Amino acid sequence: MIEPDAAFAPVIAPDAEAAAAARARQARLTKPPGSLGRLEELSVWAAACQGVCPPRALTRPRVVVFAADHGVTAAGVSAFPAAVTGQMVANFDAGGAAINVLAEVAGATVRVADIAVDCDEPLSPAIGAHKIRRGSGNIAIEDALSAEETVAALNAGRQIADDEVDAGADLLIAGDMGIGNTTAATTLVAALTGTEPVAAVGRGTGIDDHGWMRKTSAVRDALYRARTVKDDPLGLLRVCGGADLAAMAGFCAQAAVRRTPVLLDGMVVTAAALVADRLAPGARAWWQAGHRSTEPAHSLALSDLGLEPIVDLGMRLGEGTGAVVALPIVRAAIATLASMATFDEAGISEEAP
């Protein structure tokens, strides 16, 4: 049973009539049926999410990068030290990170939220407005969060989604930044899909064989600790997740409640989405997978959600970069459905000679 403070309003499915109209329009456009491949499917999804055919061009895609540290970093699971998380928050704010560059190319804007960075003070009051704590617990030996912190983090993500939708966002992307976060995310995916650690653990930031063994051991220990809460999404976030993962779960779930489409990024975000779909059943209909990460657990999560990635470029950075790279493809899908001529409009016969 989900605690009342963590319950989400029912998710309304995307508009079936708009989807049907989009499919019918696709059949009348000046091209052989199905010749635009995945673009046709994405255009139907966009029309259904917007509840109108043809769909409108996206005007305010918004990326929110959720930043947090993880105590499990102390177990040697990452190729980088924990201090990098705070340093990267400053880099995001200064516009110098990959997500800033790629978002500008794709026509999206970026916000960074310090949810649990291990620093004395947030970089700024705006960035730290939803900060829950300094780092999450070492999930190999202790809970990531208290029950109260778990609900607070979930609701922080919910509030951020509400704020962005209220400000006019018409598509949302969650990004992640946190040394050690793929260890927690992999544990969540393994717990929810019943997968053994050796089949789920990847190289993260580029760890060597010894690092992979340490990471696999940490996931194994965390899974053992989480065995009694595997059917409780909030319990999993508390025991083996983290403040950032809980916030991203709240963000993805609330976006669906608010009928706002989401492009999922890689391993960490999709692990949070896997939890979000348990918290807000039906939320997955409002999401598309931007890309496929090289992390094994990402493919496991995508398979569970029934989502096929738009691009597969061997990316594993996080930050929202894979989803942002896919954004122009979604824009192209919308444009073809909205702007191409139909056979009637172009005076072209559909009949074979």
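Sequential numbering from 1 along the given sequence is applied to the chain's residues. All figures in this text were calculated on a predicted structure; none of them were measured in a lab.
Without hydrogens or angle criteria, Arg133 side chain to Ala243 main chain gives no donor-acceptor distance under 3.5 Å. Using modelled atom types, no side-chain atom of Arg28 and backbone atom of Asp344 make a donor-acceptor pair closer than 3.5 Å. At distances below 3.5 Å, not a single donor-acceptor pair connects side-chain atoms of Arg62 with backbone N or O atoms of Ala169. The main-chain N or O of Ala22 is never found under 3.5 Å from a side-chain atom of Gln26 such that the two would form a donor-acceptor pair. With Arg284 contributing its side chain and Leu305 its backbone, the two residues share a donor-acceptor pair below 3.5 Å. Distance alone, capped at 3.5 Å, is enough to place a donor-acceptor pair between the Asp208 side chain and the Gly211 backbone. In this structure a side-chain-to-backbone donor-acceptor pair under 3.5 Å is missing from Asp265 to Gly175. Between the side chain of Thr336 and the backbone N or O of Ala333 there is at least one donor-acceptor pair closer than 3.5 Å.
The two residues Ala190 and Leu223 have their closest heavy-atom pair at CB-CD1, 3.8 Å. Considering all non-hydrogen atoms of both residues, Ala13 and Trp286 come closest at C-CZ2, 3.9 Å. Looking at every heavy atom in both residues, Gly180 comes nearest to Thr73 through CA-OG1, 3.7 Å. Taking each heavy atom of Ala184 and Ile139 in turn, the nearest pair found is CA-CD1, 3.7 Å. For Pro281 against Val11, the heavy-atom pair with the smallest separation is O-CB, 3.7 Å. Of all heavy-atom pairs spanning Leu263 and Ala323, the tightest one is CD1-O, 3.5 Å.
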Please determine whether side-chain contact (heavy atoms from CB on, under 4.5 Å) holds for the pair Thr187 and Val72, giving the CA-CA distance in whole Å, both sets of side-chain angles, and the decisive distance to 0.1 Å. CA-CA 12 Å; Thr187 305; Val72 74; over 6 Å; no
Should Arg278 and Asp304 be marked as a salt bridge (Lys or Arg N to Asp or Glu O under 4.0 Å) after you check the CA-CA gap, both sets of side-chain angles, and the distance that decides it? CA-CA 11 Å; Arg278 268 70 170 178; Asp304 187 279; 3.0 Å; yes
Walk me through it: do Arg258 and Asp166 pass the test salt bridge (Lys or Arg N to Asp or Glu O under 4.0 Å)? CA-CA 10 Å; Arg258 294 294 304 271; Asp166 290 344; 2.7 Å; yes
For a side-chain contact (heavy atoms from CB on, under 4.5 Å) check, start with the C-alpha distance between Cys252 and Leu264, then their side-chain angles and the critical distance, and finish with the verdict. CA-CA 9 Å; Cys252 292; Leu264 300 179; 4.1 Å; yes
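Put simply, Leu327 and Val110 are part of the same group of oily side chains (I, L, V, M, F, W, Y) that touch within less than 4.5 Å, one to the next. Note: the hydrophobic cluster containing Met248 does not contain Met177 (ILVMFWY, side chain heavy atoms under 4.5 Å, direct or indirect links). No path of Ile, Leu, Val, Met, Phe, Trp and Tyr side chains, each step under 4.5 Å between heavy atoms, connects Val262 with Leu42, placing them in separate hydrophobic clusters. Criterion: ILVMFWY side-chain heavy atoms under 4.5 Å apart, direct or through other members. Under it, Leu171 and Val44 are not part of a common hydrophobic cluster. No chain of hydrophobic side-chain contacts below 4.5 Å, direct or via other Ile, Leu, Val, Met, Phe, Trp or Tyr residues, connects Val269 to Val311.
In this structure, Ile334 and Val330 have side chains that are in contact, with non-hydrogen atoms separated by less than 4.5 Å. Using a 4.5 Å cut-off on side-chain heavy atoms (C-beta onward), Pro261 and Leu172 make no contact. Between Arg227 and Val239, the closest side-chain pair of non-hydrogen atoms is not below 4.5 Å. For the pair Leu274 and Val189, the minimum side-chain heavy-atom distance is below 4.5 Å. Side-chain contact between Leu245 and Val275 is absent, with no heavy atoms from C-beta onward closer than 4.5 Å. For the pair Glu295 and Thr270, the minimum side-chain heavy-atom distance is 4.5 Å or more. Put simply, the side chain of Met267 does not reach to within 4.5 Å of the side chain of Asp176, judged on heavy atoms. The shortest distance between side-chain heavy atoms of Asn155 and Gln159 does not fall below 4.5 Å.
Atoms CG and OG1, from Leu102 and Thr321 in turn, are 6.5 Å apart once rounded to the nearest 0.5 Å. In this structure, Ile348 CD1 and Thr30 OG1 are separated by 5.5 Å, a value rounded to the nearest 0.5 Å. Expressed to the nearest 0.5 Å, how far CG of Leu302 lies from NE2 of His298 amounts to 4.0 Å. Atom CD of residue Gln288 and atom SG of residue Cys49 lie 8.0 Å apart, to the nearest 0.5 angstrom. We find the CG-OG1 distance between Leu234 and Thr150 to be 7.0 Å, quoted to the nearest 0.5 Å. Here Asn181 contributes atom CG and Ser136 contributes atom OG; the two are 10.0 Å apart, rounded to the nearest 0.5 Å.
Classified by interplanar angle (parallel below 30°, tilted 30° to 60°, perpendicular above 60°), the ring pair Phe66/Phe251 is perpendicular.
Among residue pairs with one or both ends in residues 35-61, those qualifying as salt bridge (charged side-chain N to carboxylate O under 4.0 Å, His left out) are Lys31-Glu40, Arg38-Glu41, Arg60-Glu164; sequence neighbours excluded. For the salt bridge (charged side-chain N to carboxylate O under 4.0 Å, His left out) condition, the pairs that include at least one residue of residues 189-204, sequence neighbours left out, are Arg203-Asp209.
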Would you list the atom pairs, donor with acceptor, under 3.5 Å between side chains in residues 125-132 and any protein atom, with sequence neighbours excluded?
unit_1, atom_1, unit_2, atom_2, d
Lys131, NZ, Asp114, OD1, 2.9
Lys131, NZ, Asp114, OD2, 2.9
Lys131, NZ, Val117, O, 2.6

Under 3.5 Å, sequence neighbours excluded: what are the donor-acceptor pairs made by side chains of residues 312-319?
unit_1, atom_1, unit_2, atom_2, d
Arg316, NH1, Gly204, O, 3.1
Glu319, OE1, Ile99, N, 3.2

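None of Ile207, Thr216, Thr182 except one satisfies the side chain to side chain contact (heavy atoms under 4.5 Å, CB included) rule with Val201; the exception is Thr216.
Judged by distance alone, the side chains of Asn100 and Glu104 never bring a donor and an acceptor atom under 3.5 Å apart. Looking at Ser299 and Arg292, their side chains do bring a donor and an acceptor atom within 3.5 Å of each other.
In this structure, the salt bridge (Lys or Arg N to Asp or Glu O under 4.0 Å) partners of Asp120, at least two apart in sequence or on a different chain, are Arg134. Residues meeting the ring-ring contact (aromatic ring centres under 6.0 Å, His included) test with His70, sequence neighbours left out: none.
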